[in-house]
Amino acid sequence: MPEGHSVRRLAHQFADVFGGETLAVSSPQGRFAAGAALLDDQMMTESQAHGKHLFLHFDNALVLHVHLGLYGAWDFGGDAAFRGASSIGAPRKVGERETFDDGNGPAYDGPPAPVGAVRVRLVGRHGWADLRGATTCAAITRAEMSAVLARLGPDPLRNLPPDRERFVTGVQSRKTPIAALLMDQKVIAGVGNVYRAEVLFRQRINPLLPGNSLTRSAAELLWDDTVKVMGDGVRDGRIITTPPSYWAEGASLPAGDDAHYVYKRQGLPCRVCAVPVALAELGGRKLYWCPGCQQH
DNA sequence: GATTAATGCTAAA
DNA sequence: TTAGCCTTAATCT
């Protein structure tokens, strides 16, 4: 259930805890047994994210390609050294969970018996990672990885020229509603249902506005705000789009749905104009917006 | 114990 | 536009 910020954090996490290590790769569930055998006992050399896609490179030139889909998740665990390397601080994030030896029990002695449908298990010297529920989990060649990247649009978490220009062109060349374009991974890679709703609200853009009716300036600001808010998500490990003035008095982090302007707030008064937040179905996904603030 | 929803995507119709 | 797929956790009976 992650959006691009979670996958980016996972890429960092894998580089930190497994980079340069030879890993035992298995598929306790069995569905990925053949692929796991191809990667077993190889060194993981590099970890890379683009949009919602994660690529782990191995020494034999094969790549583990993972897309978590709606409800895929990685669980991590290990000893103190593993924890020290971990880039994921707070526990129990969507798409990224971790459990660690607390130092009080017995010393790390390998991973626990798999719980549930573990598609892939990676085991290094100091820790382990379990994958469940992913849409895509495959051992692929570098050429196949390039083919995947070729059909993805610019990633706001990379944001190198000409990424912004590609986004602006992608938006302005289509008459599809902007809310649908933000979910189109060929137009912008990594945005999901939460960020699309929140960013459109922050920019006060009507979600049903056709892409080709956005001004260049509006499209550029939309990209820039997505870059900012998703970058915050990588830092925070969660999606927070409201400023502290909307949080409880003195709180350093928002509680519950104070983190969002419109996502999952249908029927509640808009935080800015008090008009009830609307909900509609668009392309099979739920779309949230404020009819008061987002009229153009 | 059964049902449902979830930050997703693809291929068939 | 719809059906199908992957799995879990929260919400029902």
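Chain letters run A, B, ... following the sequence lines, proteins first and then strands; every chain starts at 1. Just so we're clear, the structure is a prediction, and the values are computed from it rather than from any experiment.
Contact detail for A:V66 and A:A134: the closest heavy-atom pair is CG1-CB, 4.4 Å. Among all heavy-atom pairs drawn from A:M230 and A:V191, the shortest one is SD-CG2, 4.0 Å. Between A:G124 and A:F18, the shortest heavy-atom contact is N-CE2, 3.7 Å.
Regarding A:L182, its CG atom lies at a distance of 16 Å from the C1' atom of B:dG8, rounded to whole Å. In this structure, the CE atom of A:M183 is 12 Å from the C1' atom of B:dA6, given to the nearest Å. Rounded to whole Å, the distance from CZ on A:R196 to P on B:dG8 is 9 Å. Between A:L279 atom CG and B:dA5 atom C1' the separation is 13 Å, expressed in whole Å. At whole-Å resolution of the value, CG in A:L70 and C1' in C:dA3 are 15 Å apart. With rounding to whole Å, A:E281 atom CD is found 10 Å from B:dA6 atom P. In this structure, A:F32 places its CZ atom 21 Å from P of C:dC5, rounding to the nearest Å. In this structure, A:L287 atom CG and B:dA6 atom P are separated by 14 Å, rounded to whole Å.
Partners of A:F58 under the ring pair (Phe, Tyr, Trp, His ring centres under 6.0 Å) rule, at least two apart in sequence or in another chain, do not exist in this structure. Under the ring pair (Phe, Tyr, Trp, His ring centres under 6.0 Å) criterion, A:H57 pairs with no residue, sequence neighbours left out. Evaluation of the side chain to side chain contact (heavy atoms under 4.5 Å, CB included) rule for A:T22 yields A:D41, A:M43 as partners, not counting sequence neighbours. Applying the side-chain hydrogen bond (donor to acceptor under 3.5 Å, both in side chains) test to A:H50 and every residue at least two apart in sequence or in another chain returns nothing.
Applying the side chain to side chain donor-acceptor pair (under 3.5 Å) test to every pair with at least one member in residues 151-164 of chain A, sequence neighbours left out, gives these pairs: A:R8-A:D155, A:R158-A:D163, A:N159-A:W223, A:R164-A:D224. Applying the side chain to side chain donor-acceptor pair (under 3.5 Å) test to residues at least two apart or on different chains, none of the pairs has a partner in residues 272-294 of chain A. A side chain to side chain donor-acceptor pair (under 3.5 Å) check over residues 191-208 of chain A, counting only residues at least two apart or in different chains, returns the pairs A:N193-A:R196, A:E198-A:T241, A:R202-A:D225, A:Q203-A:D225.
A heavy atom lying under 4.0 Å from DNA chain C marks the following residues of residues 116-123 of chain A, by number: A:G116, A:A117, A:R119. Applying a 4.0 Å cut-off to non-hydrogen atoms, none of the residues of residues 141-150 of chain A approaches DNA chain C. DNA chain B is contacted by A:K52 of residues 47-56 of chain A, taking any non-hydrogen atom closer than 4.0 Å.
Residue A:R285 places at least one side-chain N or O under 4.0 Å from the OP1 or OP2 atom of B:dT7. Taking 4.0 angstrom as the limit, A:K286 places a side-chain polar atom (N or O) nearer than this to OP1 or OP2 of B:dA6. For A:H67, a side-chain nitrogen or oxygen approaches OP1 or OP2 of B:dC9 to under 4.0 Å.
Between A:Y261 and A:Y246, the ring center distance clears the sub-6.0 Å criterion. Checked against the 6.0 Å centroid threshold, A:F14 and A:F55 do not count as a close aromatic pair.
Put simply, the residue from A:N212, A:D184, A:T169 that forms a side-chain hydrogen bond (donor to acceptor under 3.5 Å, both in side chains) with A:R174 is A:D184.
Using a 4.0 Å heavy-atom criterion, one finds that A:R151 contacts the sugar-phosphate atoms exclusively.
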#### Entry: Derivation and outcome, salt bridge (Lys or Arg N to Asp or Glu O under 4.0 Å), residues A:R271 and A:D258
CA-CA 10 Å; A:R271 298 183 189 285; A:D258 285 351; 3.8 Å; yes
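Look at the P atom in both B:dA5 and C:dA3: the space between them is 16 Å, to the nearest Å. When the P atom is compared between B:dT10 and C:dT8, the two are found 23 Å apart, to the nearest whole Å.
Here the side chain of A:T135 is nearest to one of B:dG8, B:dT7, C:dT7, namely B:dG8. In this structure, of B:dC9, B:dG8, B:dA6, it is B:dC9 that holds the atom nearest to the side chain of A:Q185.
Taking Ile, Leu, Val, Met, Phe, Trp and Tyr as hydrophobic and joining them when side-chain heavy atoms fall under 4.5 Å apart, one finds A:V115 isolated, its cluster having no other members.
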What pairs of nitrogen or oxygen atoms, one from the protein and one from nucleotides 11-13 of chain B, lie under 3.5 Å apart?
none

